[in-house]
Amino acid sequence: MQYWEDIEVGARSSFGRYDVTREEVIDFASRYDPQPFHLSDEAAAQTYFGRLSASGWHTCAMLMRMLVEHIKAQDQAGLGSPGIDELRWLKPVYPGDTLRAESEIIEKTPSRSRPDMGSYKARMTVFNQHDEPVMRLNSIGLIRRRPAG
């Protein structure tokens with residue numbers, strides 16, 4: 001089990017693989033971000049994107065899927081997250097792209113009010129198959145402290 005005490009500032013991880021499909025891009029956008037450039041090739045061709053592109057919120061969801069699998073593989077004593085900081089969508093994500101993620105621990109803090117937990121902040125970057133960064137954010141994770149004894 002990985003606890004707060006095991007988290008090291010400066011530690012880096014590379015993880016995940018997510019194949020972006022046209023069907024999923026349209027389904028997500030239809031449900032949560034129904035802007036024309038996420039739904040139609042013709043509409044997207046008239047925009048900055050040039051072709052059908054994934055919603056930035058969909059890119060966040062794809063990162064979340066990769067992150068959960070990574071955390072499960074580490075057997076982390078995670079307790080969720082109070083949020084993210086500095087979310088930036090850097091490049092469009094298109095059907096046919098394959099995404100992966102990298103993270104770097106940039107800070108960790110013991111809880112002042114809950115001695116059984118702490119938090120850490122990680123700079124996360126999502127890359128496409130050309131190793132181009134497409135999204136960056138700072139995530140905040142809550143995690144258990146190692147039990148006494």
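Every heavy atom of this structure was used, including side-chain atoms; hydrogens, water molecules and symmetry mates were not. Values in this document were obtained by computation on a predicted structure and should not be read as measured data.
Cluster annotation: Leu67 is not connected to Ile106 through the hydrophobic network of ILVMFWY side chains, with a link wherever side-chain heavy atoms come within less than 4.5 Å. Cluster annotation: Val134 and Phe28 are assigned to the same hydrophobic cluster (Ile/Leu/Val/Met/Phe/Trp/Tyr, side-chain heavy-atom contacts under 4.5 Å, transitive). There is no path of hydrophobic side-chain contacts, each under 4.5 Å, that joins Tyr18 to Tyr94. Residue Val25 is not grouped with residue Phe127 when hydrophobic side chains (ILVMFWY) are merged at heavy-atom distances under 4.5 angstrom, including chains of intermediate members. In the hydrophobic cluster analysis, where Ile, Leu, Val, Met, Phe, Trp and Tyr join through side-chain heavy atoms closer than 4.5 angstrom, Val126 is grouped together with Ile71.
Between the NE2 atom of His58 and the CG atom of Asp33 there is a distance of 11.0 Å, given to the nearest 0.5 Å. Atom CZ of residue Phe37 and atom OG of residue Ser53 lie 6.5 Å apart, to the nearest 0.5 angstrom. Distance check, rounded to the nearest 0.5 Å: CG of Asp116 to CH2 of Trp4 gives 12.5 Å. One finds the CD atom of Glu102 at 9.5 Å from the OG atom of Ser13 (value rounded to the nearest 0.5 Å). One finds the CG atom of Leu52 at 5.5 Å from the CG atom of Asp41 (value rounded to the nearest 0.5 Å). Distance OG1/Thr125 to CZ/Arg88: 13.0 Å, rounded to 0.5 Å.
For the residue pair Asn128 and Glu132, a side-chain donor N or O sits within less than 3.5 Å of a side-chain acceptor on the partner.
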Subject >> Verdict with supporting geometry, Ser139 and Lys121, side chain to side chain contact (heavy atoms under 4.5 Å, CB included) >> reply: CA-CA 6 Å; Ser139 70; Lys121 189 177 280 190; over 6 Å; no

Subject >> Met62 and Val20: CA distance, side-chain angles, deciding distance, side chain to side chain contact (heavy atoms under 4.5 Å, CB included) verdict >> reply: CA-CA 9 Å; Met62 291 183 274; Val20 182; 3.8 Å; yes

Subject >> side chain to side chain contact (heavy atoms under 4.5 Å, CB included) between Ile7 and Gln76, intermediate numbers included >> reply: CA-CA 10 Å; Ile7 303 288; Gln76 190 180 90; 4.2 Å; yes

Subject >> Check against side chain to side chain contact (heavy atoms under 4.5 Å, CB included), Cys60 and Leu87 >> reply: CA-CA 9 Å; Cys60 289; Leu87 170 63; 4.0 Å; yes

Original post:
Stepwise, does the salt bridge (charged side-chain N to carboxylate O under 4.0 Å, His left out) test hold for Lys91 with Asp97?
Top reply: CA-CA 12 Å; Lys91 288 183 77 75; Asp97 282 352; over 6 Å; no

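Considering all non-hydrogen atoms of both residues, Thr109 and Glu107 come closest at OG1-OE2, 3.9 Å.
Using a cut-off of 4.0 Å between Lys/Arg side-chain N and Asp/Glu carboxylate O, Glu5 and Arg145 are scored as salt-bridged. Using a 4.0 Å cut-off between charged side-chain N and carboxylate O, Asp85 and Arg123 make no salt bridge.
Note: Phe49 and His38 have tilted aromatic rings, judged against thresholds of 30 and 60 degrees for the angle between ring planes.
The side-chain heavy atoms of Glu8 and Ile105, taken from C-beta on, include no pair separated by under 4.5 Å. Using a 4.5 Å cut-off on side-chain heavy atoms (C-beta onward), Leu79 and Ile143 make no contact. Side-chain contact check for Thr98 versus Arg17: some heavy-atom pair is nearer than 4.5 Å. No side-chain heavy atom of Phe15 sits under 4.5 Å from any side-chain heavy atom of Arg100. At a threshold of 4.5 Å between non-hydrogen side-chain atoms, the residues Leu39 and Ser30 count as touching. Considering only heavy atoms from C-beta on, Gln46 stays 4.5 Å or farther from Glu42 through its side chain. Taking 4.5 Å as the limit, some side-chain heavy atom of Leu63 sits within range of a side-chain heavy atom of Met124. A 4.5 Å side-chain heavy-atom check between Leu142 and Ser81 finds every atom pair outside the cut-off.
No option in Glu23, Glu24, Arg31 other than Arg31 meets the side chain to side chain contact (heavy atoms under 4.5 Å, CB included) test with Asp27.
At least one test fails for Arg144 against the ring of Tyr3: distance under 6.0 Å to the centre or angle within 45° of the axis.
Residues passing the side-chain hydrogen bond (donor to acceptor under 3.5 Å, both in side chains) test with Arg51, sequence neighbours excluded: none.
Around atom CZ of Arg12, no more than 12 heavy atoms belonging to other residues, nucleotides or ligands sit under 6.0 Å away. For Trp57, the CH2 atom is loosely surrounded, since the number of other residues' heavy atoms within 6.0 Å does not exceed 12.
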